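Okay, structure first, notes after.
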2 protein chains.
Amino acid sequence: MNRTASIKDVATHASVAVGTVSNVLNYPDRVSQRTKERVLKAIDELGFVRNDAARQLRAGHSRTVGLIVLDVGNPFFTSVVRAAEDAAALQGSAVLLGDSGHDAGREANYIDLFQEQRVQGLLISPVGDVTERLDLLRERGVPTVLVDRLADESKFSSVAVDDDAGGYLAARHLLDTGRRRLAFVGGPTDIRQVADRLQGAQRAVQEEPGATLEVLTSEGMTVLAGRSVGNMLVQRGRDELPDGIFCANDLLALGVMQSLTMTHTFRIPEDVALIGYDDIDFAVSAVVPLSSIRQPTEALGRTAIELLSEEVESQNPTHRAVVFTPELVVRQSTGKA
Amino acid sequence: MNRTASIKDVATHASVAVGTVSNVLNYPDRVSQRTKERVLKAIDELGFVRNDAARQLRAGHSRTVGLIVLDVGNPFFTSVVRAAEDAAALQGSAVLLGDSGHDAGREANYIDLFQEQRVQGLLISPVGDVTERLDLLRERGVPTVLVDRLADESKFSSVAVDDDAGGYLAARHLLDTGRRRLAFVGGPTDIRQVADRLQGAQRAVQEEPGATLEVLTSEGMTVLAGRSVGNMLVQRGRDELPDGIFCANDLLALGVMQSLTMTHTFRIPEDVALIGYDDIDFAVSAVVPLSSIRQPTEALGRTAIELLSEEVESQNPTHRAVVFTPELVVRQSTGKA
DNA sequence: TCGTAACAATGAAACGATTCAAAGATTCGC
DNA sequence: GCGAATCTTTGAATCGTTTCATTGTTACGA
C-alpha cells in the first residue's frame, strides 16, 4: 500500500505496452475488446488512478480555470462561483477557487499560484486597480476575463451588471406604484455600485415631472447603518417623510424596515414603500417581504466561462464586454399604497 | 509570446546549467551571489514561472489539500474553509475547494478529481454515509480527516463540535437568567444536530428542579418555519407561553422573534427570552440583538489541517477525534426578565 | 608550492502520462 | 494462397522540474 500504481504497473500487470493502456484510457475505440477488458481489470485490481501532473506536463496545459473573487461569503459571488463551476464542468474543466478577501496581497498570491498551475485562463474580480498585474498576465498569454467590472475592451473581455439600469428599475417601480417623494439610501457614495445605482434612480426621477429624490448617505451597507438612517427618518414629521425608499442593498433596506416597523409609527407599504438591491435570501423572509433587484449571477458566471473559452480557442484576441441587466422582484414591501 | 519559458531557457539565457537554476529557486544558499543575480535577471527577463505539474511529478505528490464541504454558501462552512486555507498557507500548502451541495454524485466527482491531483490529503464533510468510499481512500493511502462528523477512531481522524454541549449551554443560560418554562424549537428531529442540541437542553432542564422543557417541532430550519412556530405561540394565552425559547438555529430564532415583536403582544426579553444557535451575522443586527451559541469554526478548520498534517507526516496511522465545545454569546434577547 | 577542505556548478536520470511512427496481426478479395 | 488494406499493438521520445553523484574552483594552512 506504499505507492500508487502507475500506467507502467498496469501495463505489466495486463501484459501490454504502456501505450495500449493509455489508449484504453483516451481512445477506447482503438483497442480490441479483449485487450481492453484485460487492461480495465488490471486498473481495477491495482486501484490505478491517473496522475494528473504527468498528464498536464505532457499536454502543456491544465484542464482547470482559475477564479478569484473578492469574498466567497458574499452570496453574490457564491452564486457566480457555482454557475461558473457548472459551466466549466460542462466543458470538462474544473475551477480552482481563490478568495482574495479584498486583499491585494492574497490576490497576488492566487495569481501566482494559478500561473504555476498553468490554468487555461483566469476569471477575476479584481481588488482595486490592478491594471499592471493584469497587463503582465496578458503578455504572458494567460487569457483573462474580468468579472463584475468593466474593462478596456481592447485589452480584456469582461462580464458585468448594469447598476445604473438597476437603479433606474428600482426608482421606476416606486414611481409606477404612485410614489413621488423618493429617497435613496446608500454609502459611502464613492463605491462605484452605489454611485451607479443612485445615478440610475436619478434618471428615473427626472423623467417623472413632480417627482423628487432625496439622497440619504449611510455609513456603510449594513443592517445597522440602515437602522440608523431609519431612526433618523422616524424622528421626522409625517409630512417630511419620503413615500418611497430605495436602498442600495438589501441589508440597508432590512435595517430601515426594522426601524420603521419596530416603532409602529409607519406602515410598510401603506405609508412608505421600500425596495432593496441584491435579492438576498433574507429578503423573502423579512417581516414585510422585501422587493428587490435581482442580479443575474448565474448568467454572469456562465458567460464568464464562455468568454474565457472563446479566448482560449481563438488565438487572435478579440475581446467582448458583456453587460447584463438586472431584474425587478416585486414583493409586499412595495405593494400599492 | 507563444510558449512560456522553461527552466532550460533560463539556464541558456544565463549561461548556467539547469541544475543551477533549480538551486537558485530551491536552495539559494548553495549558489554564489554572482550566479544567483544572473539567474534571477534571466528569470525576470524571460518572465519565467515554475511549472507546478513538472514539480509535482518529480516530487510524487502535490502541495495541495482537498476540502469538500456540503455547502459553501453556509456561513458555518465558509468560515471553516477560510480558517483551513489560512492554516494550510502557513505550512505552504494550498486548498482545493469542492462544494458537494449535499449531492453524493458531486462529492464522488471531487474525490476522483482530487485523487488525480494527488492531493496530500482530504478534508471532507461527507454526504450521508460514505463509509465504503472513504475506506477505499484509506486503502489507497490518501490521508483523510472528517469534518463536522464523528468517525470511527480506529479508521479516521475527525473534528467536530459538541452539539449536546451547545444545547446544554443554551438551556443552562436560560435557566440561569431565571426562566423555568422552556421551549425547544427545531426540526426535523432526525437531523443529528437538532437531536443532539435538544438532548443537551433536556439534560440541563433535568438538573434544575421545577424546570420544564416543551418541544416544538418545526418544519425545517428557516426563518419562515420559525415564524409559523412563533405565530402558533402568539395564539396561546399569556400563561401557557414559555418564558424562555431555545431555537436550534438562528434563522428559526429570527423567525420566532419576528412573530413575537410584530404583534407587540410580548416583549423580548421581558416576557420571553430567546436564544438561537450558530451566531450568524444577522444575529447581532436583529431587532432585538439575538443571543446565540457560537461554533468555533476557525478552530475546526485549523485543527482539521493540523490533524491532516499529522497523518501525512507519520506513516503509522494513529487517529484522533477532536471535539470542540461551542461558546455562549449573550446579547439583549436573553437579558434579565 | 602542495594538499586538502569547502564551496559551486554541472548534467544525466527520474517522475508518469501521451504521442506517433513503425511493426505486427488480421481480414478480405481475387 | 497472395497482396493489399485495415486494424492493433508497440515502445521510444517528450514534457519541465528536482536530485545527486561528479567534476571543477577557490582558499588556506603547512
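The structure displayed is predicted, hence computed values, not measured ones. Each chain gets a letter, A, B and so on, in the order the sequences are listed, and its residues count up from 1. Keep in mind that the numbers below use all heavy atoms, side chains included, and drop hydrogens, waters and symmetry copies.
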Tell me, for nucleotides 9-16 of chain C in 5' to 3' order, what letter each nucleotide earns: B for a base near a protein heavy atom under 4.0 Å, S for only sugar-phosphate near one, - for neither? SBB-BBBB
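The backbone N or O of A:Lys8 sits less than 3.5 Å from a side-chain atom of A:Thr12, completing a donor-acceptor pair. A donor-acceptor pair under 3.5 Å is absent between the side-chain atoms of A:Asp86 and the main chain of A:Ala83, judged by distance alone. Looking only at distances, a side-chain donor or acceptor of A:Arg149 sits under 3.5 Å from a matching main-chain atom of A:Pro126.
Note: CG (B:Leu25) to P (D:dT18) measures 6 Å, nearest angstrom. Taking atom CG of B:Asp9 as the reference point, atom C1' of D:dG16 lies 10 Å away to the nearest angstrom. The interatomic distance linking B:Gln33 (CD) with C:dC7 (C1') rounds to 15 Å, in whole Å. We find that CD1 of B:Ile43 is positioned 14 Å from C1' of D:dG16, with the value rounded to whole Å. Per the geometry, CG belonging to B:Leu46 stands 14 Å off P belonging to D:dG16, to the nearest Å.
For B:Ser62, the side-chain hydrogen bond (donor to acceptor under 3.5 Å, both in side chains) partners two or more places apart in sequence, or in a different chain, are B:Thr64. With sequence neighbours excluded, the residues forming a side-chain hydrogen bond (donor to acceptor under 3.5 Å, both in side chains) with B:Ser93 are B:Gln120, listed by chain and number. For A:Glu37, there are no salt bridge (Lys or Arg N to Asp or Glu O under 4.0 Å) partners, not counting sequence neighbours.
Counting any heavy atom pair closer than 4.0 Å across all strands shown, B:Asn26 reaches sugar-phosphate atoms only and no base atom.
Pairs passing the ring pair (Phe, Tyr, Trp, His ring centres under 6.0 Å) check and including a residue from residues 104-161 of chain A, sequence neighbours excluded, read A:Tyr110-A:Phe114.
Remark: A:Tyr27 is not in phosphate contact with C:dT18, judged by side-chain N or O atoms under 4.0 Å from OP1 or OP2.
Sparse packing is recorded around CG of B:Asp281, with 12 or fewer heavy atoms of other residues, nucleotides or ligands lying under 6.0 Å away.
Over its length, the helix from C:dT1-D:dA30 to C:dC30-D:dG1 turns its helix axis by 40°, as judged from the five terminal pairs at each end, rounded to 10°.
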